[in-house]
Chemist: 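Before I ask anything, let me first share the structure, which is written out below as structure tokens.
Note that ligands are numbered from 1 as they come in the structure, with each ligand's atoms numbered from 1 the same way.
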Amino acid sequence: MDITFLGHASLQLYIAGKTLIVDPFISANELATAIDVNSLKADYILVTHGHQDHVLDVEQIAKNNPEIIVVSNFEIVSWFGGKSINGHPMNHGGKKTFDFGLVKYVNAIHSSVLPDGNYGGNPGGFVIEAEGKRIYIAGDTALTYDMKLIPETMGPVDLAVLPIGDNFTMGYEDAVVAADFIQCDTVLGCHYDTFPPIVMDKNAAQQHFKAKGKKLWLPNIGETITL
Ligand code: NI
Ligand code: MN
């Protein structure tokens with residue numbers, strides 16, 4: 001499983017011969033000018049919630065990849081369905097096996113409205129099980145005890161993608177507690193530095209994780225890791 005960080009909370013995952021994009025917000029991200037949205041190929045787009053900084057480039061990517069399937073909550077999938085984009089609707093607690101692996105849509109503590117003001121359902125995160133690995137993509141969320149349900153029901157997490165930029169989501173101090181809740185030692189930090197309210201001291205965040213015996217991975221935009 002390869003994971004490329006596309007900036008903010010956007011990722012590209014290569015799993016079992018399929019390509020997934022998560023929460024594409026690239027064309028308006030001044031830090032992500034190295035990524036060309038029109039060059040992105042994907043089979044699926046996973047959308048955690050309806051906010052602009054998570055859905056902005058879905059339509060453009062779908063235009064370039066007409067077979068793409070949007071996986072999100074029912075309301076968001078219905079909204080994209082109105083734009084003739086294919087989707088697979090889920091809701092909290094539900095899991096579904098796709099051709100690349102299993103996806104479970106899990107709770108997040110946040111809000112979710114679509115860019116035109118339409119109701120975006122309740123926000124969520126995803127747990128993906130594939131190729132013998134388990135990864136948790138939290139979406140925008142506060143720290144919540146619900147995270148403990150993930151290892152309790154599914155098993156420990158190999159990699160967690162957690163927001164760490166504070167203000168709109170949990171900050172890195174809460175994210176390291178989240179990593180304990182989900183029984184995960186390696187965290188990919190996201191949702192920081194993109195906007196002034198979430199500019200973060202990266203060194204302090206990494207030191208904080210290190211002091212708790214955990215690794216905080218802060219890749220450059222466009223960097224890939226193999227899990
Ligand atoms: Ni949000
Ligand atoms: Mn956000």
Side-chain angles (χ1 to χ4, degrees), residues 3-13 20-33 35 37 40 45-61 70-80 87 89-92 103 105-128 135-144 146-147 159-175 178-179 182 187-202 205 216-219 221:
I3 300 159
T4 304
F5 181 56
L6 301 178
H8 196 51
S10 310
L11 305 167
Q12 194 165 24
L13 311 177
L20 287 64
I21 289 174
V22 180
D23 285 357
F25 174 76
I26 297 153
S27 59
N29 182 355
E30 288 169 16
L31 304 178
T33 50
I35 310 289
V37 171
L40 296 175
I45 302 182
L46 273 56
V47 176
T48 59
H49 66 292
H51 288 159
Q52 178 82 303
D53 60 317
H54 299 257
V55 303
L56 179 71
D57 294 317
V58 170
E59 276 187 76
Q60 188 60 30
I61 293 166
V70 174
V71 179
S72 188
N73 68 33
F74 179 81
E75 291 80 4
I76 290 172
V77 166
S78 301
W79 189 72
F80 282 117
M90 299 185 71
N91 218 324
H92 300 86
V103 174
Y105 191 63
V106 296
N107 295 350
I109 302 288
H110 192 65
S111 56
S112 178
V113 65
L114 287 153
D116 63 359
N118 263 292
Y119 176 55
N122 286 312
F126 297 101
V127 180
I128 300 174
I135 84 166
Y136 169 46
I137 298 164
D140 287 5
T141 185
L143 176 64
T144 162
D146 283 355
M147 291 167 175
L159 176 74
V161 181
L162 302 180
I164 56 171
D166 224 323
N167 193 78
F168 300 118
T169 67
M170 60 185 171
Y172 62 79
E173 302 92 338
D174 281 359
I182 56 182
V187 170
L188 192 173
C190 69
H191 216 277
Y192 68 93
D193 280 4
T194 320
F195 314 113
I198 59 172
V199 169
M200 185 194 72
D201 181 339
K202 294 200 276 286
L216 176 62
W217 184 53
L218 300 177
I221 293 173

Chemist: In His51, the N, O or S atom nearest to the Ni ion (ligand 1) is which?
Modeler: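 Restricting His51 to its N, O and S atoms, the minimum distance to the Ni ion (ligand 1) goes to ND1.
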
Chemist: As a quick check of understanding, evaluate side chain to side chain contact (heavy atoms under 4.5 Å, CB included) for Asn107 and Thr144, giving each step before the final call.
Modeler: CA-CA 9 Å; Asn107 295 350; Thr144 162; 5.9 Å; no

Chemist: Angle subtended at the Mn ion (ligand 2) by NE2 of His54 and OD2 of Asp140, to 10 degrees?
Modeler: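 The NE2/OD2 angle about the Mn ion (ligand 2) sits at 90°.
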
Chemist: Please report, to 10°, the angle around the Ni ion (ligand 1) from atom NE2 (His49) across to atom NE2 (His110).
Modeler: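 It rounds to 100°.
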
Chemist: Which atom name would you report as the N, O or S atom of Asp140 nearest the Ni ion (ligand 1)?
Modeler: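 Closest to the Ni ion (ligand 1) among those atoms: OD2.
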
Chemist: Report yes if some heavy atom in the side chain of Asn167 is under 4.5 Å from a heavy atom in the side chain of Phe195; otherwise report no.
Modeler: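 Side chain of Asn167 against side chain of Phe195, heavy atoms only: no contact under 4.5 Å found.
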
Chemist: Taking the six-membered ring for Trp, are Phe126 and Tyr105 closer than 6.0 Å centroid to centroid?
Modeler: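 Yes, the ring of Phe126 comes within the 6.0 Å limit of the ring of Tyr105, centre to centre.
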
Chemist: I'd like the atom name of the N/O/S atom in His191 lying closest to the Mn ion (ligand 2).
Modeler: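 Nearest to the Mn ion (ligand 2) within His191's N, O and S set: NE2.
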
Chemist: If I compare all heavy atoms of His92 with all of Pro123, which pair ends up nearest, and what's the gap?
Modeler: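 Nearest heavy atoms, His92 then Pro123: NE2-O, 2.9 Å.
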
Chemist: At their closest point, which heavy atom of Asp23 faces which heavy atom of His54, and how far apart are they?
Modeler: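 The answer is OD2-ND1, 2.8 Å.
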
Chemist: N/O/S of Asp53 less than 2.8 Å from the Mn ion (ligand 2)?
Modeler: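 Given the 2.8 Å cut-off, Asp53 counts as a ligand of the Mn ion (ligand 2).
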
